[in-house]
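Shown next, in structure tokens, is the structure this report addresses.
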Amino acid sequence: SSSRQRQAIPPDNVERLSGRTKGKNAQGATNEVLGIIEGIRHKRMGSGDIVTSEIGLGTQRWGSSDFNGPDEKLCHEMLDYGILENGLSLIDTAEQ
């Protein structure tokens with residue numbers, strides 16, 4: 001477990017960070033940095049209201065029978081480390 005304190009985006013800032021304001025959907029600039037969690041910038045994707053971490057976690061080989069594919073326990077550890085301990089919010093789940 002990380003000894004660093006996680007800086008979560010406060011729930012009352014979700015509308016502001018997503019570009020939404022009361023009563024309307026405000027469009028923000030593409031790649032606008034909206035917050036930093038554990039040193040990882042969170043940016044707007046396109047001009048909509050989706051906000052995600054600048055760094056993502058790729059999962060292509062997870063659960064595979066390849067000789068170097070991680071087992072389920074290690075996959076859960078990597079998710080916990082990335083999301084809970086380091087503020088990632090972008091998970092790439094593409095398959096081969």
Side-chain angles (χ1 to χ4, degrees):
S1 178
S2 174
S3 62
R4 294 181 290 171
Q5 188 79 340
R6 180 169 187 246
Q7 295 176 293
I9 298 173
D12 57 337
N13 287 340
V14 170
E15 285 187 350
R16 181 183 63 79
L17 289 174
S18 69
R20 290 189 183 272
T21 57
K22 290 188 180 192
K24 68 178 183 176
N25 182 6
Q27 296 295 310
T30 298
N31 286 325
E32 175 185 4
V33 177
L34 300 171
I36 298 176
I37 300 175
E38 292 294 334
I40 298 173
R41 293 183 292 197
H42 284 66
K43 293 184 170 185
R44 178 185 315 282
M45 289 183 69
S47 61
D49 62 356
I50 297 174
V51 177
T52 187
S53 56
E54 187 175 55
I55 298 172
L57 177 62
T59 64
Q60 182 179 21
R61 301 180 73 97
W62 289 18
S64 72
S65 58
D66 293 343
F67 72 96
N68 61 350
D71 63 16
E72 185 175 349
K73 181 180 183 297
L74 181 56
C75 292
H76 284 277
E77 289 172 5
M78 288 189 280
L79 283 170
D80 289 347
Y81 180 78
I83 297 169
L84 300 177
E85 298 177 25
N86 291 291
L88 293 182
S89 62
L90 175 62
I91 308 299
D92 178 355
T93 60
E95 295 185 29
Q96 295 189 54

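We count residues from 1, following the sequence as given.
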Counting only heavy atoms not in M78 (residues, nucleotides, ligands), do more than 12 fall under 6.0 Å from its CE? yes
Is the shortest heavy-atom distance from the side chain of L34 to the side chain of R44 under 4.5 Å? yes
Under 4.5 Å between any side-chain heavy atoms of L57 and L90, yes or no? no
Do E72 and W62 come within less than 4.5 Å of each other through their side chains, counting heavy atoms only? no
Could you work out, with side chain to side chain contact (heavy atoms under 4.5 Å, CB included) as the rule, every residue matching N68, not counting sequence neighbours? R61, D66
Side chain to side chain, I91 and I83, heavy atoms closer than 4.5 Å: yes
When you compare the side chain of I55 with that of L88, does any pair of heavy atoms fall below 4.5 Å? yes
Heavy-atom pair with the smallest gap, counting every atom of E85 and E38: O-CG, 3.7 Å
Between S89 and S53, is there a donor-acceptor pair closer than 3.5 Å when you use the side chain of the first and the backbone of the second? yes
Just by modelled atom types, is the G87 backbone N or O under 3.5 Å from a matching donor or acceptor in the H42 side chain? yes
d(L79 CG, L74 CG) to nearest 0.5 Å is 10.0 Å
Separation between CG (D71) and CD (E77), nearest 0.5 Å, reads 8.0 Å
